[in-house]
Amino acid sequence: MNAVFRKLQVSATQQAFVLNQALTTCRATPSIQHPVWASVNERQYKSMPTHGIGRWRHLLPKDPPKKKRDRPQMKEIVVETETTYATLNVNVSGYDMTMVEHFSQHIHNLCNRLGIKVLDCYALQTKTTEVWLMQEQGTKMSVDSFLKTHNRVVQLRSLNATMCPIFLEVLLKNQPEGVQLSVQEHTEVDYKARFKGRPDLEGLKAKIA
């Protein structure tokens, strides 16, 4: 029994010695297959080809080409009939932009409640007026203040003749102070007034023509 036990101890010590040698050799020489074991200064995986691994942009769908914005065209003006009016512009103007904006929203909401067709709702260019002040003694004038006039337009289509007086009466009763209200028929001049004029460009076009 003692001889067998000694043989087992010798074989166990030999196996342990072999394992220790294998571990020391693995730690001393880094493996090429596992570059993580290598030292920091010797990174062999830097020079290895990736073959496009990790690329993903080619998988995304290509963006469609942007289309140029077409120039806005004038809408067809509705002709008046025996029971309906033509295209009408409800103009709201005033010095207080908040009051003008809220009253134009009120007109739009009222048209929706009464079943009146609203063709368009837009803002016109703000006009600035200079107020000059003359001195009591002398002829010199100086600028006292600037007044900005804000305009909003609610465009109506085919307003019924029987509904028109009721609609205007409600608007006049709810018209706030300092806000001017007017209703007129829509024309081509009103459409061109929406866009900012460029006299220099118009002069060049006149020269070319």
Side-chain angles (χ1 to χ4, degrees), residues 66-135 140-209:
K66 294 182 179 179
K67 296 182 180 179
K68 293 183 179 180
R69 294 181 64 182
D70 297 332
R71 188 176 180 181
Q73 300 294 330
M74 180 179 174
K75 296 180 181 179
E76 185 180 357
I77 300 175
V78 180
V79 184
E80 63 179 354
T81 61
E82 295 180 356
T83 57
T84 59
Y85 288 96
T87 304
L88 298 177
N89 289 342
V90 182
N91 299 315
V92 181
S93 61
Y95 300 117
D96 190 354
M97 187 179 66
T98 305
M99 296 291 290
V100 173
E101 187 70 28
H102 286 180
F103 190 54
S104 62
Q105 290 179 3
H106 170 71
I107 295 172
H108 200 164
N109 294 332
L110 181 63
C111 292
N112 293 335
R113 291 178 183 177
L114 297 177
I116 301 172
K117 295 179 181 178
V118 178
L119 190 62
D120 200 358
C121 186
Y122 55 89
L124 293 176
Q125 299 175 19
T126 302
K127 298 179 181 179
T128 305
T129 307
E130 294 182 356
V131 179
W132 290 76
L133 183 65
M134 182 181 290
Q135 297 178 1
K140 290 184 179 180
M141 298 178 66
S142 59
V143 179
D144 183 53
S145 60
F146 295 93
L147 297 177
K148 292 185 178 181
T149 306
H150 306 278
N151 297 288
R152 299 291 184 273
V153 178
V154 181
Q155 199 172 95
L156 308 180
R157 179 180 181 180
S158 302
L159 179 61
N160 197 345
T162 57
M163 183 65 70
C164 184
I166 302 171
F167 175 68
L168 293 177
E169 185 179 357
V170 174
L171 291 184
L172 292 173
K173 285 186 177 180
N174 295 322
Q175 182 180 357
E177 296 182 0
V179 176
Q180 297 179 359
L181 177 68
S182 64
V183 181
Q184 61 183 8
E185 189 175 347
H186 180 67
T187 59
E188 189 176 355
V189 178
D190 298 329
Y191 175 75
K192 291 181 179 180
R194 297 178 60 178
F195 306 101
K196 187 177 180 180
R198 299 182 63 181
D200 52 348
L201 184 61
E202 292 175 1
L204 291 173
K205 286 183 178 179
K207 289 180 181 180
I208 293 172

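Computed from a prediction, not measured in an experiment: that's the story for all the values here. In this chain, numbering begins with 1 at the start of the sequence shown. Both backbone and side-chain heavy atoms feed into the values below; hydrogens, waters and symmetry mates do not.
- Classified by interplanar angle (parallel below 30°, tilted 30° to 60°, perpendicular above 60°), the ring pair Phe195/Tyr191 is perpendicular.
- The nearest pair of heavy atoms linking Cys164 to Tyr85 is CB-CE1, 3.7 Å.
- Under a cut-off of 6.0 angstrom, the local environment of CD in Gln175 is crowded, with over 12 non-hydrogen atoms contributed by other residues, nucleotides or ligands.
- Between Cys111 and Val118, the closest heavy-atom pair is CB-CG2, 3.6 Å.
- Within the 4.5 Å cutoff, the side chain of Glu101 has heavy atoms near those of the Gln105 side chain.
- Atom CZ of Arg194 sits about 13.0 Å away from atom CG of Asn151, to the nearest 0.5 Å.
- Annotation: side chain to side chain donor-acceptor pair (under 3.5 Å) contacts of Thr187 (sequence neighbours excluded): Asp190.
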Please output the side-chain donor-acceptor pairs of residues 89-100 that fall under 3.5 Å, not counting sequence neighbours, one pair per line with the distance.
{"unit_1": "Asn89", "atom_1": "OD1", "unit_2": "Gln155", "atom_2": "NE2", "d": "3.3"}
{"unit_1": "Asn89", "atom_1": "ND2", "unit_2": "His186", "atom_2": "ND1", "d": "3.0"}
{"unit_1": "Asp96", "atom_1": "OD1", "unit_2": "Thr98", "atom_2": "N", "d": "3.3"}

Go through the steps for Val154 and Phe103 under the test side chain to side chain contact (heavy atoms under 4.5 Å, CB included), then give the verdict. CA-CA 11 Å; Val154 181; Phe103 190 54; over 6 Å; no

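- The NE2 atom of His102 sits 11.5 Å away from atom CG of Asn109, with the distance rounded to the nearest 0.5 Å.
- We find the CD-CG distance between Glu169 and Asn174 to be 10.5 Å, quoted to the nearest 0.5 Å.
- Atom-to-atom distance recorded for Met163:CE and Leu156:CG is 12.0 Å, nearest 0.5 angstrom.
- Using a 4.5 Å heavy-atom cutoff, the side chains of Leu114 and Ile166 are not in contact.
- Here the OG1 atom belonging to Thr149 is positioned 11.5 Å from the CG atom belonging to Leu124, to the nearest 0.5 angstrom.
- Remark: Glu177 CD is loosely packed, at most 12 non-hydrogen atoms of other residues, nucleotides or ligands lying under 6.0 Å away.
- In terms of heavy-atom proximity, Glu80 sits nearest to Ala86 at CB-N, 3.5 Å.
- Checked against side chain to side chain donor-acceptor pair (under 3.5 Å), Thr128 has no partners two or more places apart in sequence or in another chain.
- Contact detail for Gln125 and Ala193: the closest heavy-atom pair is NE2-O, 4.2 Å.
- To the nearest 0.5 Å, atom CD of residue Glu130 and atom CG of residue Leu147 are 10.0 Å apart.
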